[in-house]
Amino acid sequence: MARSAADPWLDGRPPHLPCGPGDLPEVCLLPGDPARVDRAAQVLDDFRVLGQNREFRVGVGTFGGTPVAVCSTGIGGPSTEIAVVELARLGVRTVIRTGGMGALGAHIEPGDLCVVTEAEREGGAARHYADPEIPALATTAVSEALLAAAPAHFRRPAHRIRVLSCDSYYVGEGRALDRMEERAARRLAEIEAMGVDAMDMECETVFAVGTAMGLRVGAVLVAHASRASDSWLEDYEPAQLAMLRVAAAAARDLVATPGV
């Protein structure tokens, strides 16, 4: 059968993710960076990479005997939408974003672990799945599983937070560029007035698109930077590995309680 422009899957395989029917378990972790998929080999048993196409790198392994997939989304809403939709159509039922963020509040230090329960909506892709006035929320069971798993795998208590998801990394997150200093300063003040705890670029899309596709959704992030202290976490690998352990443990527990 020829591929269709309206639905460009072929023989049950998606046009973007490098996997097909039966390749994936019911839970998938979603880092942004394809290079972070391989880091899961330090957390998951029997880990193997299925392949990579563009920014989408996919691997599978087990945690405590529970199968867990890992799929990179790239940066921002459009590529994240593609990943979430294709994962859902391949049979994944729960997705958990695992990535980095920029903290705004002084109570969150670089290297801290944060469980996102809501994302303020400034992206583009997600509005095609839920009207802009509809909150982008994590599934309560996923957030609670992440918070419950954190103490066994992380050195400090996890924060429960609300983020702003924005499609712009530089001026959109209040980073000054030449000739745009005043605009960036106004933007940062606008963000601070929202009362959010942090900024990222993917949580809104994971929550809104995943919910529309009938998935359980959640996010656990490491603070890579703090705008309050203007500091940056250079060596984030230890925190990233701890975050992956928390997400994998939550995935195991969620599979054990599928009706929640």
Side-chain angles (χ1 to χ4, degrees), residues 1-44 47-61 67-101 119 122-129 165-170 172-173 199-210 212-213 215 217-222 224 236-237 240 243-244 247 251:
M1 179 180 294
R3 198 186 300 269
S4 163
D7 189 13
W9 287 51
L10 184 63
D11 297 330
R13 297 184 68 88
H16 302 97
L17 299 190
C19 47
D23 286 342
L24 302 177
E26 64 178 272
V27 181
C28 186
L29 311 185
L30 302 177
D33 185 355
R36 292 180 189 161
V37 173
D38 293 46
R39 191 171 286 131
Q42 300 178 61
V43 174
L44 303 180
F47 185 77
R48 61 190 177 94
V49 172
L50 299 181
Q52 180 167 348
N53 179 41
R54 299 192 182 194
E55 61 266 67
F56 306 110
R57 187 169 178 84
V58 179
V60 293
V68 178
V70 186
C71 174
S72 57
T73 65
I75 296 175
S79 59
T80 301
E81 176 225 14
I82 289 171
V84 172
V85 169
E86 295 187 359
L87 288 168
R89 293 186 64 179
L90 286 168
V92 171
R93 302 269 55 91
T94 301
V95 290
I96 302 173
R97 167 159 153 69
T98 57
M101 63 174 217
E122 283 198 352
R127 69 183 57 206
H128 298 288
Y129 294 81
S165 289
C166 176
D167 277 348
S168 166
Y169 179 80
Y170 283 100
E173 292 191 4
M199 296 177 285
D200 94 315
M201 300 182 73
E202 292 83 27
C203 280
E204 174 200 7
T205 306
V206 171
F207 294 174
V209 177
M213 296 295 295
L215 307 183
V217 298
V220 56
L221 308 179
V222 169
H224 285 176
Y236 57 73
E237 183 168 2
Q240 283 279 334
M243 175 189 63
L244 284 173

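Numbering starts at 1 and runs along the sequence shown.
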TODO: Report the C-alpha distance between Val68 and Phe47 in whole Å, list the side-chain angles of each, state the deciding distance to 0.1 Å, and finish with yes or no for side-chain contact (heavy atoms from CB on, under 4.5 Å).
DONE: CA-CA 9 Å; Val68 178; Phe47 185 77; over 6 Å; no

Open item on the list: Please evaluate residues Val70 and Leu244 with respect to the criterion side-chain contact (heavy atoms from CB on, under 4.5 Å), reporting the C-alpha separation (whole Å), side-chain torsions for both, the decisive distance (0.1 Å), and the verdict.
Closed with: CA-CA 10 Å; Val70 186; Leu244 284 173; 5.6 Å; no

Open item on the list: The test is side-chain contact (heavy atoms from CB on, under 4.5 Å); show your working for Val37 and Arg39 and say whether it passes.
Closed with: CA-CA 5 Å; Val37 173; Arg39 191 171 286 131; over 6 Å; no

Task: Audit row: Thr205, Val84, side-chain contact (heavy atoms from CB on, under 4.5 Å) steps and yes/no - done: CA-CA 9 Å; Thr205 306; Val84 172; 5.7 Å; no

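Remark: Gln240 CD to His224 NE2 distance equals 4.0 Å, nearest 0.5 Å. Atoms CZ and OG, on Arg36 and Ser72 in that order, are 10.5 Å from each other to the nearest 0.5 Å. One distance of note links NE2 of His16 with OG of Ser79; it measures 10.0 Å at 0.5 Å rounding. Within the model, atoms CZ of Arg57 and CG of Asp38 stand 4.0 Å from one another, a figure rounded to the nearest 0.5 Å. Atom OG1 of residue Thr94 and atom CG of residue Leu215 lie 7.5 Å apart, to the nearest 0.5 angstrom. To the nearest 0.5 Å, atom CD of residue Glu86 and atom CZ of residue Arg13 are 11.0 Å apart.
A heavy-atom distance below 4.5 Å is not found between the side chains of Val60 and Pro67. Contact check for Val95 versus Val206: side-chain heavy atoms found under the 4.5 Å cut-off. Looking only at side-chain heavy atoms (C-beta outward), Val92 and Cys71 stay at 4.5 Å or farther from each other. Side-chain contact between Val58 and Pro18: present, with at least one pair of heavy atoms (C-beta onward) separated by less than 4.5 Å. Within the 4.5 Å cutoff, the side chain of Pro34 has heavy atoms near those of the Gln52 side chain. Residues Leu87 and Leu17 form a side-chain contact, since some pair of their non-hydrogen atoms from C-beta on lies under 4.5 Å apart.
Remark: the backbone N or O of Ser4 is not paired with any side-chain donor or acceptor of Asp7 at under 3.5 angstrom. Checked by atom type and distance alone, the side chain of Glu81 never pairs as donor or acceptor with a backbone atom of Ala83 at under 3.5 Å. Checking side-chain atoms of Glu202 against main-chain N and O of Gly76 turns up a donor-acceptor pair under 3.5 Å. No donor-acceptor pair under 3.5 Å is formed between the side chain of Arg93 and the backbone N or O of Glu26.
The number of heavy atoms from other shown groups lying within 6.0 Å of CD1 (Ile75) does not exceed 12.
Closest non-hydrogen pair, Ala69 versus Pro25, comes out as N-CG, 3.5 Å. Heavy atoms only, all atoms of each residue included: Cys19 and Leu50 are closest at CB-CD1, 4.1 Å. Here the shortest heavy-atom pairing between Ala119 and Ser165 reads CB-OG, 3.8 Å. Closest of all the heavy-atom pairs between Thr98 and Ala247 is CG2-CB, 3.6 Å.
Looking at residues two or more places apart in sequence or on another chain, you find no side chain to side chain contact (heavy atoms under 4.5 Å, CB included) involving Asp167.
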